[in-house]
Amino acid sequence: MTPLLWSLIAVQVVMGVFDTFYHHEFTERLAWRPSQRSELRLHGARNLLYALLFATLGWCEVHGIFALFVLAVLVAEIAITLTDFVEEDLTRKLPPSERINHTLLAINYGAILMLLVPLLIGWAMRPSAIVPAFAGLLSWIAAAAAIGAALCGLRDFTAARRLARMSLPDAGVLVAALPPAQTILVTGATGFIGARLVASLTAAGHHVIALVRDPGRAAALPSPLTLVTRLDQLASDTRIDAIVNLAGEPIGNAAWTTAKRAAILQSRLTTTDAVVALIARLDHRPKMLVNGSAIGWYGLWQDQPLTETAKSHDCFSHDLCEAWEQAACRAESHGVRVALLRIGLVVGRDGGFLSRILTPFEFGLGGPLGSGRQWMSWIERDDLIRLIAHVIATDAIAGPVNATAPLPVRNVTFTAELARCLRRPALLRVPASLLRRIGGDFAEELLLGGQRVVPNKALSSGFVFRHQNLRSALEAIL
């Protein structure tokens, strides 16, 4: 084993660690995506082979039949990697950084094979034996890499087994409240909420017109449906029974710089203005506009329960939601019933805030935010889809509608329930001062502030939540 070969192996290990933790665990979250079970099993097998290679080559020379065995392991690794490439292309769209990293891994692995294979062939010509070969610090580094690869392999196999019992409920039943054969326009159709709504509507036999910014992302949406990238692509004689307006720049993925605030606001107003303009020119106007908003409309409160009649406190979240709701209410002048859905924290493993904290909590790195006493008004995603259908189908519902479960919880309770469900500790409290220093108003309004919101209008109109308490929701999701 030459210094150059060890150097290339070290580079391979570093790139592999980056790919595993940055892509597989944190950005792509493969361990929580049921569609990636086969990919996880391939990763698990490959990681165990890597563990065997690191442990063998770091501590000994293998001669004769043992060298042939190592060569066979290398061939198996190549076969698994090629199969993995095909599986990835079939089941998910890799981000550019992951494709680049995979290319670099393949190039570097080719260089390793050019140096390692001739060495193994030479060893194979000798009598069969396993000869100890201690390389000092390099051997210990190889041992650490072997342990790490083995643990990652076991993690992948465990996650694949967990995903085998995870499945989404039948989507079509979520919109059972709707009359048959509706035509519904959905903006923000590729988002966390919009994609599930589209799946539910198409599964139930409704016709969906989906407004999307990126047609490439829309490839994951179920068919049949009509895709548009601008609402002016729809003819005036298009028949639309209802519109669900969910489009907007995400508010929880970055600090609220001046540019970010402008993008958040403008994305919502531009789309909503286009929706109202479409309604104005349609020959057959929809009966209903369900406009997304958020419980941020109420601003920051302490312990007071907030129904739809509550007043607001001034902050950026309120200003944003108020402007969005006012833009949507202009549809009322065209005879359209408008419901302003003030959505709480949407709980689901495929997206939203829960998806961003699952991995840290699973590795035992979770804990309360600040004091942990701030209220978290949440709603399980499928309950939200059912509520949207209920609002469309119920003529008496208009104006603000709190889209939250009946039993909000404090952050410390949410943390404890999530940790219990994952069977992990949650002891790493994040100081409020650190969050404020890093996130400013973003941290103050979304992480440390809170609202104790109660869905009075939904309950009084006869809507029944399947998940009224957090434990029920988390157990169904995880």
Side-chain angles (χ1 to χ4, degrees), residues 1-33 36 39-62 70-71 73-85 87-89 92-120 133-160 356 359-360 362-365:
M1 297 285 288
T2 65
L4 176 59
L5 182 54
W6 276 115
S7 298
L8 292 174
I9 291 174
V11 170
Q12 192 79 358
V13 169
V14 170
M15 290 194 295
V17 169
F18 171 76
D19 193 43
T20 296
F21 287 97
Y22 180 74
H23 293 126
H24 299 171
E25 292 290 353
F26 291 103
T27 59
E28 292 296 288
R29 302 177 56 254
L30 301 184
W32 294 99
R33 294 170 62 173
Q36 305 313 124
E39 183 181 353
L40 284 169
R41 285 195 289 262
L42 290 168
H43 291 178
R46 184 171 57 195
N47 280 325
L48 293 181
L49 290 181
Y50 278 145
L52 179 61
L53 289 171
F54 292 145
T56 301
L57 299 177
W59 289 85
C60 58
E61 290 185 4
V62 286
V70 172
L71 284 168
V73 170
L74 293 175
V75 171
E77 193 282 335
I78 293 172
I80 291 173
T81 297
L82 293 175
T83 305
D84 186 37
F85 286 163
E87 180 67 24
E88 289 170 343
D89 284 338
R92 66 185 176 100
K93 182 179 180 180
L94 272 68
S97 60
E98 189 172 5
R99 287 195 178 277
I100 292 171
N101 196 66
H102 285 185
T103 302
L104 294 176
L105 280 166
I107 294 171
N108 193 69
Y109 192 61
I112 291 173
L113 291 179
M114 289 178 62
L115 296 175
L116 182 58
V117 169
L119 178 64
L120 290 171
F134 181 64
L137 180 60
L138 291 175
S139 291
W140 291 112
I141 293 174
I147 293 172
L151 291 175
C152 287
L154 295 175
R155 151 72 169 170
D156 290 332
F157 281 122
T158 301
R356 292 190 286 271
T359 298
E362 190 180 15
F363 283 97
L365 302 176

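Applying the side-chain contact (heavy atoms from CB on, under 4.5 Å) criterion to Ala142, with sequence neighbours excluded, gives Trp6. Scored by the side-chain contact (heavy atoms from CB on, under 4.5 Å) test, Ala143 finds Trp59 as partners (sequence neighbours excluded). By the ring-ring contact (aromatic ring centres under 6.0 Å, His included) test, Tyr22 pairs with Phe18, sequence neighbours left out. When the side-chain contact (heavy atoms from CB on, under 4.5 Å) test is applied to Ala45, the partners found at least two apart in sequence or on another chain are Ile80, Phe157. Evaluation of the salt bridge (Lys or Arg N to Asp or Glu O under 4.0 Å) rule for Arg155 yields Glu25, Glu362 as partners, not counting sequence neighbours. In terms of the salt bridge (Lys or Arg N to Asp or Glu O under 4.0 Å) criterion, residue partners of Glu88 (sequence neighbours excluded) are, by chain and number, Arg92. Under the side-chain contact (heavy atoms from CB on, under 4.5 Å) criterion, Ile141 pairs with Leu137, not counting sequence neighbours.
Listed by first then second residue, pairs satisfying salt bridge (Lys or Arg N to Asp or Glu O under 4.0 Å) with a partner in residues 45-57 read Arg46-Asp84, not counting sequence neighbours. Residue pairs that meet the salt bridge (Lys or Arg N to Asp or Glu O under 4.0 Å) test with at least one member in residues 104-115, sequence neighbours left out, do not exist here. For the side-chain hydrogen bond (donor to acceptor under 3.5 Å, both in side chains) condition, no pair includes a residue of residues 139-149, sequence neighbours left out.
A distance of 12.0 Å separates CG of Leu113 from CG of Leu119, quoted to the nearest 0.5 Å. Rounding to the nearest 0.5 Å gives a distance of 8.5 Å between CG of Leu52 and CG of Leu57. How far CD of Glu87 is from CD of Gln36: 7.0 Å, rounded to the nearest 0.5 Å.
With a 4.5 Å cut-off on side-chain heavy atoms, Leu116 and Leu74 count as touching. With contacts defined as side-chain heavy-atom distances shorter than 4.5 Å, the pair Leu365/Thr359 does not qualify. Counting only heavy atoms from C-beta outward, the side chains of Val73 and Thr56 never approach each other to under 4.5 Å.
A pairwise comparison of heavy atoms in Arg29 and Arg33 identifies O-CG, 3.4 Å as the closest pair. For Ala55 against Ala146, the heavy-atom pair with the smallest separation is N-CB, 3.8 Å. Closest approach of Ala149 and Ala51 over heavy atoms only: CB-N, 3.8 Å.
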Under 3.5 Å, sequence neighbours excluded: what are the donor-acceptor pairs made by side chains of residues 101-109?
residue: Asn101; atom: ND2; partner: Met15; partner atom: O; Å: 3.4
residue: His102; atom: NE2; partner: Asp19; partner atom: OD2; Å: 3.1
residue: Thr103; atom: OG1; partner: Arg99; partner atom: O; Å: 2.9
residue: Asn108; atom: ND2; partner: Leu8; partner atom: O; Å: 2.9
residue: Asn108; atom: ND2; partner: Gln12; partner atom: OE1; Å: 2.8
residue: Tyr109; atom: OH; partner: Glu77; partner atom: OE1; Å: 3.1

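For the pairing with Cys152, the side chain to side chain contact (heavy atoms under 4.5 Å, CB included) check across Val17, Leu48, Thr20 returns one residue only, Thr20.
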Report task. Take Leu30 and His43 through the side chain to side chain contact (heavy atoms under 4.5 Å, CB included) test and state the conclusion after the steps. Result -> CA-CA 11 Å; Leu30 301 184; His43 291 178; 3.8 Å; yes
Query - Chi angles and distances behind the side chain to side chain contact (heavy atoms under 4.5 Å, CB included) call for Leu154, Asn47 - result: CA-CA 8 Å; Leu154 295 175; Asn47 280 325; over 6 Å; no
